[in-house]
Trainee: 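Next up is a structure, given as structure tokens.
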Amino acid sequence: MSIKAQYLDMPLDISELDGENLEYFRHGAAHDFYLQACTQCGLLRYPPTTACPWCANPASRWTKVEGRGAVHSYTEVHHAIQPAFRDHVPYLILLVDLDTQKGKPSAEEALRVVGNLVTPDGVLAPPELVRKVGIGTRVRMVFSDVAPGLALPQWTIDESATQPAKPWRYPQE
Ligand SMILES: [Zn+2]
């Protein structure tokens, strides 16, 4: 069964043919984070896809993964691309290195999961939180409920983690 929903006035549509993403979001709807682990080499992969990017084996096993990591990079958006985003600028798009499988299969690699910076209850973060976050900030995954059967994985500041003294931020005007 496909998933259809609206998020900030944008249509989200996952086709009934997209088995990997339907399974990924089925877990997400229950606020659980699962990734596919290759049955041959054992490596996890993200985003969900049909075959292992390292050994090409198509078989995988859905595995629960801890949603914790550190910001690898980010984009701070000041110009809304959609009218419904106008009330939320500036907002952050984060690329997060998961702690799980960091440095594998080579030292530079990690599972890098994209999401917005949100408050702990899953709402796009206000400017005072946006200013606190940069490269190195420790974050944890939370879910923004969109519709029955659909929640988006997002990121919030990990209050229980030791944070860098000064996360790296792009020079501000
Ligand atoms: Zn593999």
Side-chain angles (χ1 to χ4, degrees), residues 1-5 7 10-75 92-125 133-164 167-168:
M1 208 175 87
S2 65
I3 295 174
K4 285 184 196 300
Y7 175 66
M10 292 192 302
L12 299 181
D13 191 347
I14 303 168
S15 158
E16 61 186 3
L17 301 175
D18 189 350
E20 288 83 14
N21 273 302
L22 287 175
E23 185 68 7
Y24 175 73
F25 283 104
R26 189 179 69 75
H27 290 294
H31 292 198
D32 282 327
F33 182 52
Y34 277 72
L35 294 177
Q36 295 158 282
C38 175
T39 58
Q40 189 164 285
C41 73
L43 288 169
L44 296 160
R45 58 183 184 257
Y46 173 88
T49 188
T50 49
C52 177
W54 293 284
C55 77
N57 170 36
S60 66
R61 186 171 18 85
W62 287 93
T63 306
K64 188 164 178 151
V65 176
E66 189 183 32
R68 279 183 201 277
V71 174
H72 179 83
S73 191
Y74 72 92
T75 294
L92 285 184
I93 302 164
L94 302 178
L95 185 63
V96 173
D97 282 354
L98 293 185
D99 293 338
T100 300
Q101 203 172 290
K102 187 167 166 63
K104 291 181 191 165
S106 70
E108 294 75 27
E109 287 177 89
L111 293 164
R112 300 202 164 103
V113 179
V114 176
N116 291 123
L117 180 72
V118 297
T119 61
D121 55 359
V123 178
L124 283 172
V133 170
I135 291 172
T137 300
R138 299 285 316 172
V139 290
R140 65 182 174 88
M141 186 175 281
V142 294
F143 287 85
S144 301
D145 288 312
V146 172
L150 183 63
L152 299 179
Q154 306 274 39
W155 296 104
T156 197
I157 296 169
D158 187 348
E159 308 84 350
S160 67
T162 305
Q163 296 290 351
W168 191 91

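Quantities reported herein were computed from a predicted structural model and do not represent experimental measurements.
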Trainee: Taking all heavy atoms of L94 and all of V133, pick out the closest pair and write down the distance.
Mentor: CD2-CG1, 4.1 Å
Trainee: Looking at P153 and Y24, what are the two nearest heavy atoms and their distance?
Mentor: CG-OH, 3.4 Å
Trainee: When rounded to the nearest 0.5 angstrom, what is the spacing between CZ in F143 and NE2 in H27?
Mentor: 10.5 Å
Trainee: Could you go step by step and tell me if E109 and W54 meet the side chain to side chain contact (heavy atoms under 4.5 Å, CB included) rule?
Mentor: CA-CA 12 Å; E109 287 177 89; W54 293 284; 3.5 Å; yes
Trainee: Short question: side chain of N57, backbone of A59 - any donor-acceptor pair under 3.5 Å?
Mentor: yes
Trainee: Mind checking side chain to side chain donor-acceptor pair (under 3.5 Å) for E108 and listing every partner two or more places apart, or none if nothing turns up?
Mentor: none
Trainee: Ignoring hydrogens, what is the shortest heavy-atom contact between V71 and G134? Give both atom names and the distance.
Mentor: CB-O, 3.4 Å
Trainee: Quick one: pull up OG1 in T63 and OH in Y34 and give me the separation to the nearest 0.5 Å.
Mentor: 8.5 Å
Trainee: What are the two closest non-hydrogen atoms of L22 and S15, and how far apart are they?
Mentor: CD1-O, 3.6 Å
Trainee: Report the distance from atom OG of S106 to atom NZ of K104, rounding to the nearest 0.5 Å.
Mentor: 12.0 Å
Trainee: Are the side chain of Q163 and the backbone of D158 linked by a donor-acceptor contact shorter than 3.5 Å?
Mentor: yes
Trainee: Indicate the atoms forming the closest heavy-atom contact of V146 with A5, along with that distance.
Mentor: CG1-CB, 3.9 Å
Trainee: Run the side chain to side chain contact (heavy atoms under 4.5 Å, CB included) test on F33 and V113 for me, step by step, so that the C-alpha distance in whole Å, both residues' side-chain angles and the decisive distance to 0.1 Å come before the verdict.
Mentor: CA-CA 11 Å; F33 182 52; V113 179; 4.1 Å; yes
Trainee: Between E66 and R140, is the closest basic N to carboxylate O distance under 4.0 Å?
Mentor: no
Trainee: If only atom types and distance count, is the side chain of Q36 paired as donor or acceptor with the main-chain N or O of R45 below 3.5 Å?
Mentor: no
Trainee: How many angstroms lie between CG in L98 and OH in Y46, if you round to the nearest 0.5 Å?
Mentor: 9.0 Å
Trainee: Where the side chain of S144 meets the backbone of G122, is there a donor-acceptor pair that is under 3.5 Å apart?
Mentor: yes
Trainee: Any Lys/Arg nitrogen of D97 or K102 sitting under 4.0 Å from an Asp/Glu carboxylate oxygen of the other?
Mentor: yes
Trainee: Which residue, T156, L92, L124, forms the side-chain contact (heavy atoms from CB on, under 4.5 Å) with N116?
Mentor: L124
Trainee: Less than 4.5 Å apart, side chain to side chain, heavy atoms only: is that true for H31 and D145?
Mentor: yes
Trainee: Tell me, with the steps shown, if V65 and Q101 meet side chain to side chain contact (heavy atoms under 4.5 Å, CB included).
Mentor: CA-CA 10 Å; V65 176; Q101 203 172 290; over 6 Å; no
Trainee: Nearest 0.5 Å, please: how far is CD1 in I14 from CD in E20?
Mentor: 12.0 Å
Trainee: Measuring from W155:CH2 to I93:CD1, what's the distance to the nearest 0.5 Å?
Mentor: 15.0 Å
Trainee: Might you point out which heavy atoms bring L44 and A37 nearest each other, and give the distance in Å?
Mentor: CD2-CB, 3.7 Å
Trainee: Side chain to side chain contact (heavy atoms under 4.5 Å, CB included) for V123 and V118? Distances and angles first, verdict last.
Mentor: CA-CA 5 Å; V123 178; V118 297; 5.8 Å; no
Trainee: With a 4.5 Å cut-off on side-chain heavy atoms, are R68 and S160 touching?
Mentor: yes
